[in-house]
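FYI, side chains are in, hydrogens and waters are out, and symmetry mates aren't considered; it's all heavy atoms of this structure. Residue numbers count from 1 along this sequence. Keep in mind it's a predicted model, so treat the numbers as computed, not measured.
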Amino acid sequence: MSYLKVEIFVPKKYVVELANDLNEADILKEGCYDYAFSTMEVEGHWRPLEGANPFDGTVGQVQTRPEVKMEFRIKEEEREEVQRIIDRVHPYEVPVVNYIPLA
């Protein structure tokens with residue numbers, strides 16, 4: 001079975017909703033445990049360009065805000081479902097999600 005590590009950067013107030021939705025889909029289950037994920041507070045940086053509709057910030061201005069990096073492991077075949085959940089819950093126009101293959 002192939003696994004991926006998922007890293008996603010999200011505003012702190014969306015972590016619980018995202019974790020709940022992922023867990024309800026059995027994505028965050030590891031053996032006899034669920035809600036198996038970790039978080040780390042980080043500082044996000046971005047500049048919305050012309051044509052952007054930013055959730056936070058102003059077009060043309062560099063922004064810096066606290067964010068949370070969520071990390072968890074998924075089966076490779078769960079990737080599309082995970083992305084659908086992220087797209088539904090995440091407030092950003094273009095969420096940063098990294099899918100990293102695990103050995």
Check: What residue among V15, V6, V97 forms side chain to side chain contact (heavy atoms under 4.5 Å, CB included) with M70?
Finding: V15
Margin query: What's the separation between atom OG in S2 and atom CD in E77, rounded to the nearest 0.5 Å?
Written below: 8.0 Å
Margin query: If hydrophobic clusters are built by linking Ile, Leu, Val, Met, Phe, Trp and Tyr wherever their side-chain heavy atoms come under 4.5 Å apart, do F37 and F9 end up in the same one?
Written below: no
Next item on the list: Can you see which heavy atom on A36 is nearest to which on F72, and at what distance?
Entry: O-CB, 3.7 Å
Check: Looking at V62, D56, T64, which hits side chain to side chain contact (heavy atoms under 4.5 Å, CB included) with W46?
Finding: D56
Notebook entry, point to check: What's the spacing between I85 CD1 and N20 CG if we round to 0.5 Å?
Noted result: 11.5 Å
Notebook entry, point to check: Which heavy atom in N23 sits nearest to a heavy atom in Y35, and how many Å separate them?
Noted result: OD1-N, 2.7 Å
Checklist line | Under 3.5 Å: donor-acceptor pair, side chain of E78, backbone of K75 | finding: yes
Item checked: Sequence neighbours excluded, every pair satisfying side-chain hydrogen bond (donor to acceptor under 3.5 Å, both in side chains) that has a member inside residues 90-103 -> E7-N98, E67-Y92, Q83-Y99
Notebook entry, point to check: With sequence neighbours left out, which residue pairs that include part of residues 27-53 fulfil the salt bridge (Lys or Arg N to Asp or Glu O under 4.0 Å) condition?
Noted result: K12-E41, E30-R73
Notebook entry, point to check: Hey, quick one: are L28 and V16 part of the same hydrophobic cluster, counting side-chain heavy atoms closer than 4.5 Å, chains of contacts allowed?
Noted result: no
Check: Within a reach of under 6.0 Å around CD of E80, are more than 12 heavy atoms found that belong to other residues, nucleotides or ligands?
Finding: no
Margin query: Among I27, V89, I8, I74, exactly one meets side chain to side chain contact (heavy atoms under 4.5 Å, CB included) together with L22. Which residue is that?
Written below: I27
Notebook entry, point to check: Considering all heavy atoms of both residues, which atom of L4 and which atom of P101 are nearest to each other, and what is their separation?
Noted result: CD2-CA, 3.7 Å
Notebook entry, point to check: Do P54 and V59 come within less than 4.5 Å of each other through their side chains, counting heavy atoms only?
Noted result: yes
